[in-house]
*Asks:* 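Take a look at this one; I'll ask things after.
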Amino acid sequence: MKVDQRPRKPAPKKSASVRPPGVARANSRRDGEETRERILDAAEELFAAHGFYGTSLRDVAEAIGSGIALVTYHFGTKDVLFSTVVKRRAAYMAHERILALDTARSKAQGKPVPVEDLVSGYVWPFVERSVAGGKGWKNYSLFVARHANSPEFTKVLSEHYDPVARQYLNELERTFPRTPQKDLYYAFSFMVGTMVATVAEPGRVEHLSFGQIKSSDVEEVFKRMKPFLSAGFRSLAPPSS
């Protein structure tokens, strides 16, 4: 019997390190998203504690145990990072407030929305998340409180919060048609200030009340806040003739 003496080609070697391209891209994307979230969490906490000018990109990088190049790769500048920190949770807040407003409008059936529903729809989501949303939301509420009244940061905050706020102001004008628009702006500003201050200084009320009040009891806090703020809007309405 004749034996085939031609040299055979060796079988191709399998590379253990090669993954299907689609899987590799998906994993890279997921890793990148997780890294961005870690950077945003660290920046949020540092901005809340030290403010914009007291926090550097290097501080953020050190907080997540990386080099500054990783932070600049994902966000470029501190201004962009700051704006993204605002936007991340503002998007959730906008969603919750619009849902509440749509519900209140539906319940009113074309009539003016009661001021209590407007106060509740705008204030409750922020207060509830600040108290019950965990460390990230607590940091964010302190972050907003620190920067909300700084003129240099107004543009960034307004970009993400004003569209929804104006919808509430439009409804307040329907609810209080005889109240000057200027007074409604004042009242809305006072409402936002109360909301932010309540979550920014959680230990203050405990101290003043000798421990009778617990700021962590968000439902008890809001049960008093809603009628207080609603009465403030009513107090600015002109007396009936």
Side-chain angles (χ1 to χ4, degrees), residues 37 40 44 83-134 136-145 147-149 153-200 215-238:
E37 289 300 306
L40 288 170
E44 185 175 66
S83 180
T84 309
V85 168
V86 174
K87 178 183 178 181
R88 180 173 61 156
R89 298 194 197 274
Y92 171 88
M93 200 58 53
H95 176 73
E96 292 299 304
R97 284 168 170 164
I98 289 299
L99 280 180
L101 186 57
D102 287 344
T103 299
R105 285 167 170 163
S106 177
K107 189 172 70 173
Q109 297 182 337
K111 296 178 181 178
V113 177
V115 64
E116 287 83 2
D117 290 345
L118 295 173
V119 169
S120 182
Y122 197 84
V123 175
W124 171 253
F126 188 81
V127 173
E128 189 277 333
R129 285 292 81 196
S130 298
V131 176
W137 275 101
K138 174 54 66 179
N139 286 334
Y140 185 75
S141 64
L142 297 176
F143 164 84
V144 171
H147 298 92
N149 292 318
F153 303 118
T154 298
K155 183 178 179 181
V156 176
L157 292 166
S158 295
E159 177 185 347
H160 298 296
Y161 281 100
D162 280 8
V164 174
R166 293 194 185 284
Q167 290 200 45
Y168 274 83
L169 282 162
N170 289 339
E171 289 298 332
L172 284 164
E173 288 185 33
R174 292 186 66 229
T175 302
F176 298 102
R178 297 175 60 247
T179 301
Q181 189 181 60
K182 183 177 180 180
D183 286 346
L184 290 176
Y185 288 151
Y186 269 122
F188 191 86
S189 177
F190 298 154
M191 178 179 74
V192 172
T194 300
M195 175 189 76
V196 172
T198 298
V199 300
S215 60
S216 58
D217 192 342
V218 62
E219 292 185 0
E220 284 295 308
V221 170
F222 191 70
K223 187 166 72 175
R224 274 82 174 178
M225 188 187 297
K226 183 166 74 169
F228 177 84
L229 294 172
S230 300
F233 280 99
R234 286 197 179 94
S235 71
L236 294 178

*Asks:* Under 6.0 Å between ring centres: does that hold for Trp137 and Tyr92?
*Replies:*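 Centroid separation for Trp137 and Tyr92: below 6.0 Å.
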*Asks:* Output yes when a side-chain donor or acceptor of Thr198 lies under 3.5 Å from a complementary backbone atom of Thr194, and no otherwise.
*Replies:*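 Yes: the side chain of Thr198 pairs with the backbone of Thr194.
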*Asks:* Give, for atom CZ of Phe222 and atom CE of Met195, the distance between the pair rounded to the nearest 0.5 Å.
*Replies:*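 If I round to the nearest 0.5 Å, the distance is 10.5 Å.
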*Asks:* Is there a side-chain contact between Arg234 and Ser230, using heavy atoms and a 4.5 Å cut-off?
*Replies:*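 SC-SC contact between Arg234 and Ser230 confirmed.
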*Asks:* Do any N or O atoms from the side chain of Asn170 and from the backbone of Arg166 form a donor-acceptor pair under 3.5 angstrom?
*Replies:*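 Side chain of Asn170 to backbone of Arg166: a pair is present.
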*Asks:* Take a 6.0 Å sphere around CD of Glu219 and say whether it holds more than 12 heavy atoms from other residues, nucleotides or ligands.
*Replies:*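 No, the 6.0 Å shell around CD holds no more than 12 heavy atoms from other groups.
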*Asks:* What distance separates Lys223 NZ from Glu220 CD, expressed to the nearest 0.5 Å?
*Replies:*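 Reported to 0.5 Å precision, the distance equals 4.0 Å.
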*Asks:* Applying side chain to side chain contact (heavy atoms under 4.5 Å, CB included) to Arg105 and Gln167, what does each step give before you reach the verdict?
*Replies:* CA-CA 12 Å; Arg105 285 167 170 163; Gln167 290 200 45; 3.6 Å; yes
*Asks:* For Phe176, check ring-ring contact (aromatic ring centres under 6.0 Å, His included) against everything at least two apart and list the hits.
*Replies:*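 Counting only residues at least two positions away or on another chain, Phe176 forms no ring-ring contact (aromatic ring centres under 6.0 Å, His included).
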*Asks:* Is a side-chain N or O of Thr103 found less than 3.5 angstrom from the main chain of Leu99, in a donor-acceptor match?
*Replies:*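 Answer holds: yes.
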*Asks:* Could you state the interatomic distance from CG (Asn139) to CG (Leu40), rounded to the nearest 0.5 Å?
*Replies:*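 So the CG of Asn139 and the CG of Leu40 are separated by 12.5 Å.
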*Asks:* For a 4.5 angstrom cut-off between non-hydrogen side-chain atoms, does Ser83 reach His160?
*Replies:*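 A side-chain contact under 4.5 Å exists here.
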*Asks:* Please find the pair of heavy atoms, one from Leu157 and one from Ala148, that lie closest to each other, and give the distance.
*Replies:*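 Minimum heavy-atom contact is CD1-CA, 3.6 Å.
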*Asks:* Taking the side chain from Thr175 and the backbone from Val113, do they hold a donor-acceptor pair closer than 3.5 Å?
*Replies:*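 Present.
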*Asks:* Might you point out which heavy atoms bring Val86 and Tyr140 nearest each other, and give the distance in Å?
*Replies:*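 Val86 and Tyr140 have their closest heavy atoms at O-OH, 2.8 Å.
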*Asks:* Flag the pair Glu44 and Arg89 as a salt bridge only when some basic side-chain nitrogen lies within less than 4.0 angstrom of an acidic carboxylate oxygen.
*Replies:*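 Arg89 and Glu44: salt-bridged.
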*Asks:* Under the 3.5 angstrom rule, does the side chain of Ser158 hit a backbone N or O of Lys155 as a donor-acceptor pair?
*Replies:*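 Looks like no, no N/O pair under 3.5 Å.
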*Asks:* Is any side-chain heavy atom of Tyr161 less than 4.5 Å from a side-chain heavy atom of Val192?
*Replies:*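 With C-beta onward as the side chain, the pair stays apart.
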*Asks:* Donor-acceptor pair, His95 side chain versus Ala91 backbone, under 3.5 Å?
*Replies:*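 Side chain of His95 to backbone of Ala91, a donor-acceptor pair under 3.5 Å: no, none is there.
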*Asks:* Flag the pair Arg97 / Phe126 as yes when at least one side-chain heavy-atom distance between them is below 4.5 Å, and no otherwise.
*Replies:*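 Arg97 reaches Phe126 side chain to side chain.
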*Asks:* Run through Leu169, Ile98, Leu101 and flag the one making a side-chain contact (heavy atoms from CB on, under 4.5 Å) with Val164.
*Replies:*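 Filter result, single survivor: Ile98.
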*Asks:* If you apply the rule side chain to side chain contact (heavy atoms under 4.5 Å, CB included), what do you find for Tyr122 with Glu171, and how did you get there?
*Replies:* CA-CA 12 Å; Tyr122 197 84; Glu171 289 298 332; over 6 Å; no
*Asks:* To the nearest 0.5 angstrom, please state how far the OH atom of Tyr185 sits from the OG1 atom of Thr179.
*Replies:*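 If we round to the nearest 0.5 Å, Tyr185:OH and Thr179:OG1 are 13.0 Å apart.
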*Asks:* Is the closest side-chain heavy-atom distance between Met191 and Val119 below 4.5 Å?
*Replies:*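 Contact flag for Met191/Val119 side chains = yes.
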*Asks:* Could you give the distance from CD (Glu173) to CD (Gln181), rounded to the nearest 0.5 Å?
*Replies:*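 Nearest 0.5 Å value for the CD-CD distance: 4.5 Å.
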*Asks:* Could you walk me through whether Leu184 and Phe233 pass side chain to side chain contact (heavy atoms under 4.5 Å, CB included), step by step?
*Replies:* CA-CA 7 Å; Leu184 290 176; Phe233 280 99; 4.2 Å; yes
*Asks:* For Glu128 versus Val218, what's the shortest heavy-atom pair and its separation?
*Replies:*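 Where Glu128 meets Val218 most closely, the heavy atoms are CA-CG2, 4.0 Å.
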*Asks:* Which heavy-atom pair separates Pro125 from Glu96 by the least distance, and what is that distance?
*Replies:*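 Closest approach of Pro125 to Glu96, heavy atoms only: CB-CB, 4.0 Å.
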*Asks:* Please test Arg88 against Glu37 for side chain to side chain contact (heavy atoms under 4.5 Å, CB included), starting from the C-alpha separation and ending with a verdict.
*Replies:* CA-CA 10 Å; Arg88 180 173 61 156; Glu37 289 300 306; 2.8 Å; yes
*Asks:* Is there a donor-acceptor contact under 3.5 Å from the side chain of Tyr168 to the main chain of Gly121?
*Replies:*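 Side chain of Tyr168 to backbone of Gly121, a donor-acceptor pair under 3.5 Å: yes, one is there.
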